[in-house]
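Some notes on the structure that comes next.
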Amino acid sequence: MGCLKGIFRLIIVILVIYAFFFFNGPQAIKEQFDSYTNPPREELVQEEKDYGNLAYVSMDYKFRRSVTIGKYRKITAIHTPSGQRISLIDLGDTTTINQADFYSTKIDLKLYQLMDTVKNSPIGLKDIEITQRGTVLAKGKIVPYVNFKAGIKGIPFVKVAGTIAAYNTKNADDGIVTKINKAIKQNKEDTSTKIVLSSRLSGNYSQDATINLIKSISFIGIN
């Protein structure tokens, strides 16, 4: 009897797999994935408005939404003239790092905690050194930032340069991304830190590409 049950279950699994491919299941999943990660620009601007109003960002920046596992969300802005990738990351809270940390001595430690949290790239950074501190006047908000240099774990004599900026805004009350996020997380704060993070091999990094993106985000009418 047990053998017959095993055979029956195997037949069911085979039929399910067959039906999945027969009815073009992989293509349907791909279309859903593409729809989420690469929606029309106007749709992404509306759904991700808690990052700030992205409608004024130059068309030189192409947005793509990332699928992340964990408490944070991420949008990638690709600056097409330079090929530089800039991450906009919603940390989901204000404890990992926030605007106030950029004006204090905590920032050095907080940067390491941030890198451990977001895993923005497959490479790990070490010996992070802050090379410049400053602020950017966006549309309606002052955004603090630091420039940094760092080594790459496991690769000697190679350095990267980059920029990290932070601002706090209220989370959106609607939009599919927020609804999914709220379903996953409990006790979600009304306000969270949004991080702007970009890095590249030293000599190829463009601070202007990152700063100009921040300048073009509008916070007028957004908390």
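The structure displayed is predicted, hence computed values, not measured ones.
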Problem set entry | Verdict with reasoning, Val196 to Tyr145, per side-chain contact (heavy atoms from CB on, under 4.5 Å) | CA-CA 9 Å; Val196 182; Tyr145 73 89; over 6 Å; no

For this session: Please tell me if the side chains of Glu48 and Leu88 come closer than 4.5 Å, counting only heavy atoms from C-beta onward.
Result: no

For this session: Using the test salt bridge (Lys or Arg N to Asp or Glu O under 4.0 Å), find all partners of Lys149 that sit at least two apart in sequence or belong to another chain.
Result: none

Problem set entry | Heavy-atom side-chain contact between Arg41 and Val57 under 4.5 Å | yes

Exercise. To the nearest 0.5 Å, how far apart are CD1 in Ile78 and CG in Asp60?
Worked result: 12.5 Å

Donor-acceptor pairs under 3.5 angstrom involving side-chain atoms of residues 154-162: please list them, not counting sequence neighbours.
none

Problem set entry | Sequence neighbours excluded, every pair satisfying ring-ring contact (aromatic ring centres under 6.0 Å, His included) that has a member inside residues 74-102 | Tyr61-His79

Problem set entry | Straight-line distance of Leu54 CG to Ile75 CD1, nearest 0.5 Å | 6.0 Å

For this session: Only counting residues at least two apart or in another chain, list the ones meeting side chain to side chain contact (heavy atoms under 4.5 Å, CB included) with Ala55.
Result: Val45, Asn53

Exercise. Can you check whether Thr193's main-chain N or O pairs, donor with acceptor, with Thr94's side chain at less than 3.5 Å?
Worked result: no

Seminar exercise, completed: When rounded to the nearest 0.5 Å, the distance separating OG of Ser104 from NZ of Lys110 is 8.0 Å

Problem set entry | Heavy-atom closest contact (Thr96 atom, Gln113 atom, distance) | O-OE1, 4.0 Å

Exercise. Atom CD1 in Ile130, atom CD in Gln132: separation rounded to 0.5 Å?
Worked result: 11.0 Å

Exercise. Apart from Leu137 itself, what residues make up its hydrophobic cluster, given side-chain heavy atom links below 4.5 Å?
Worked result: Tyr103, Ile142

For this session: Taking the side chain as every heavy atom from C-beta outward, state whether Asp90 and Thr169 have any atom pair closer than 4.5 Å.
Result: no

Exercise. Mind checking whether Ser192 and Tyr72 have side chains closer than 4.5 Å, heavy atoms only?
Worked result: no

Problem set entry | Residue pairs involving residues 203-219 (criterion side chain to side chain donor-acceptor pair (under 3.5 Å); sequence neighbours excluded) | Gln84-Thr210, Asn147-Gln207, Thr163-Tyr205, Tyr205-Thr210

Exercise. Within a reach of under 6.0 Å around NZ of Lys106, are more than 12 heavy atoms found that belong to other residues, nucleotides or ligands?
Worked result: no

Exercise. Looking only at heavy atoms, what is the nearest atom pair of Arg133 and Ile107, with distance?
Worked result: NH2-CG2, 3.3 Å

Problem set entry | Lys194 NZ to Asn98 CG distance, which is reported to the nearest 0.5 Å | 12.5 Å

Exercise. Near Tyr112 OH, under 6.0 Å, is it more than 12 heavy atoms from other residues, nucleotides or ligands?
Worked result: yes

Exercise. Taking only residues two or more places apart in sequence or in another chain, which ones pass side chain to side chain contact (heavy atoms under 4.5 Å, CB included) with Lys126?
Worked result: Lys153

Problem set entry | Smallest separation among heavy atoms of Gln99 and Asn168, with atom names | OE1-N, 3.6 Å

Seminar exercise, completed: All heavy atoms of Ile220 vs all of Gly140, minimum pair found to be CG1-CA, 4.1 Å

Problem set entry | Side chain to side chain, Tyr51 and Ile217, heavy atoms closer than 4.5 Å | no

For this session: Answer yes or no: does atom CZ of Arg85 have more than 12 heavy-atom neighbours from other residues, nucleotides or ligands under 6.0 Å?
Result: no

For this session: May I ask you to test the Ile214-Tyr167 pair for a side-chain heavy-atom distance under 4.5 Å?
Result: no

Exercise. Out of curiosity, Lys141 NZ to Thr135 OG1, how far, rounded to the nearest 0.5 Å?
Worked result: 13.0 Å

Problem set entry | Cluster check Ile128, Ile89: I/L/V/M/F/W/Y, side chain < 4.5 angstrom | yes

